[in-house]
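Here is the structure we will look at.
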Number of protein chains: 2
Amino acid sequence: MFSKSTEYALRATIFIARQSSIHKKVNIREIAEGIGAPKYFTAKILQQLSNKNVQIVSSISGPAGGFFIKEEASKRPIYNVIEAMQETHIIEDCVLGLPNCNEKTPCSMYKPYKDVKKGLLSIFKDKSIQEIANSKDRLIPIKIPNSKKP
Amino acid sequence: MFSKSTEYALRATIFIARQSSIHKKVNIREIAEGIGAPKYFTAKILQQLSNKNVQIVSSISGPAGGFFIKEEASKRPIYNVIEAMQETHIIEDCVLGLPNCNEKTPCSMYKPYKDVKKGLLSIFKDKSIQEIANSKDRLIPIKIPNSKKP
DNA sequence: ATAATTAAAGATATTTTTATCCTTAATTGT
DNA sequence: ACAATTAAGGATAAAAATATCTTTAATTAT
Ligand code: FES
Ligand code: FES
């Protein structure tokens, strides 16, 4: 559904939130391994999530540093991650790729998609990062005993 | 939601179906202009939809040739176009990008997405190409009086 | 002060997607 | 047979997404 960037962003956010709930900061290597994503690419995505006006994740440099999520940020909906990655269009835009998806200029899919869109939006808007992090569902493809991504 | 390829594929299929309903064959130029898509790229997509075991659209070379959709093909669900473009994964796969999206190995989004996925699949599976073509909703971005895509 | 550890930032590389062009084959009308 | 029109197929180009590497800055501990 989303790009790999956004998939990694969602997984990373949930992963960090879980560690932050036990007041543990995590570094890039831990995050990348924890979500089964390429390390350097994950680093780039974390810049997007931490930097900016976004402020979904926070970070501190140096030893004992790393990434974490503030209490208040973890209460925000996971939808904010999709916004930060600038991919709300994947849900919001016309299914046929036409501009101006609205009541006035609908395509053939507008009506049937209307309710689906609502449902899709609500699954990301109705749950906070914290709530999703609290579930102990997997965030990683498969158990890798000793992965070697240096 | 889908790739540009699939968006064009959906629009082209509906466009051709409309013309076929009045027994009119259309050529690449007419299709590309009719759906507001790049001509050569549209041609490549039509190969995917006509060629193969897919057979959603049919074509005939030479003067008075062009693309059309057979009666029986137009009764198939629009979902077949998404299958032909090999993008069912966009609906079917894990929202977080994890492999093996199923009851046994769910991610945090599995349950909330389950019903949305059903709705999403049904809007493409429950309507035939013909039915969608019969609606006279737009298939093109905006009215272009005299577009110049040579 | 120095060394070690961490993220930030910038540069580069690879792959995929999107888009275009050119040649060939099929069909039609003259 | 020949010219015109159309799609098919192959080659190439351009842009975007994905991925990696290198250097710099910040922080900590010694
Ligand atoms: S105009 Fe196509 S889904 Fe809204
Ligand atoms: S496992 Fe994630 S949505 Fe199915």
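All values reported here derive from a predicted model rather than from experimental measurement. All values below were derived from every heavy atom in this structure, side-chain atoms included, with hydrogens, water molecules and symmetry-related copies excluded.
- Here A:Phe15 and A:Tyr8 keep their ring centres 6.0 angstrom or further from each other.
- A salt bridge does not link A:Lys75 to A:Glu131: none of the charged nitrogens lies less than 4.0 Å from a carboxylate oxygen.
- In this structure, A:Ser59 does not reach the C:dT6 phosphate: none of its side-chain N or O atoms is under 4.0 Å from OP1 or OP2.
- Under a hydrophobic-cluster definition in which Ile, Leu, Val, Met, Phe, Trp and Tyr are linked whenever side-chain heavy atoms come within less than 4.5 Å, directly or via other members, A:Ile82 and B:Tyr110 are assigned to different clusters.
- Atom CD in A:Gln55 sits roughly 11 Å away from atom P in C:dA8 (whole-Å rounding).
- Distance, A:Ile45 CD1 to C:dA7 P: 15 Å, rounded to whole Å.
- Remark: P of C:dA7 and NZ of A:Lys44 are 13 Å apart, rounded to the nearest angstrom.
- For B:Gln47 against D:dA7, a side-chain-to-base donor-acceptor contact under 3.5 Å is absent.
- Of the candidate nucleotides D:dT6, C:dT18, C:dA7, D:dT6 has the atom nearest to the side chain of B:Ser61.
- Heavy-atom nearest nucleotides on DNA chain D were determined for A:Phe2 and for A:Pro63, and the one closer to the 5' end corresponds to A:Phe2.
- Salt bridge absent: B:Lys39 and B:Glu30 never bring a charged side-chain N and a carboxylate O closer than 4.0 Å.
- B:Asn27 places its CG atom 9 Å from the C1' atom of D:dT5, with the value rounded to the nearest Å.
- Across the protein-nucleic acid pair, B:Leu49 atom CG and D:dA8 atom C1' stand 14 Å apart, rounded to whole Å.
- No side-chain donor from either of B:Glu83 and B:Thr88 sits under 3.5 Å from a side-chain acceptor of the other.
- In this structure, the nucleotide among D:dT20, D:dA7, C:dT18 sitting nearest to the side chain of B:Ser5 is C:dT18.
- Looking at heavy-atom distances under 4.0 Å, B:Val57 makes no contact with the nucleic acid at all.
- Within the structure, a side-chain polar atom (N or O) of A:Asn51 is placed less than 4.0 Å from OP1 or OP2 of C:dA9.
- OP1 and OP2 of D:dT12 both lie 4.0 Å or more from every side-chain N or O belonging to B:Tyr40.
- The distance between atom CE of B:Met85 and atom C1' of C:dT18, rounded to the nearest whole Å, is 11 Å.
- Between D:dA8 and B:Ser50, a contact under 4.0 Å exists linking OP1 or OP2 to a side-chain N or O.
- For the pair B:Lys4 NZ and C:dA19 P, the interatomic distance rounds to 6 Å; values are reported in whole Å.
- Looking at the side chain of A:Phe41, the nearest of the listed nucleotides D:dT18, C:dT18, C:dA19 is D:dT18.
- Distance, B:Ile60 CD1 to C:dG29 P: 12 Å, rounded to whole Å.
- For A:Gly62 and B:Ile31, each mapped to the nucleotide of DNA chain D holding its nearest heavy atom, the one lying further toward the 5' end belongs to B:Ile31.
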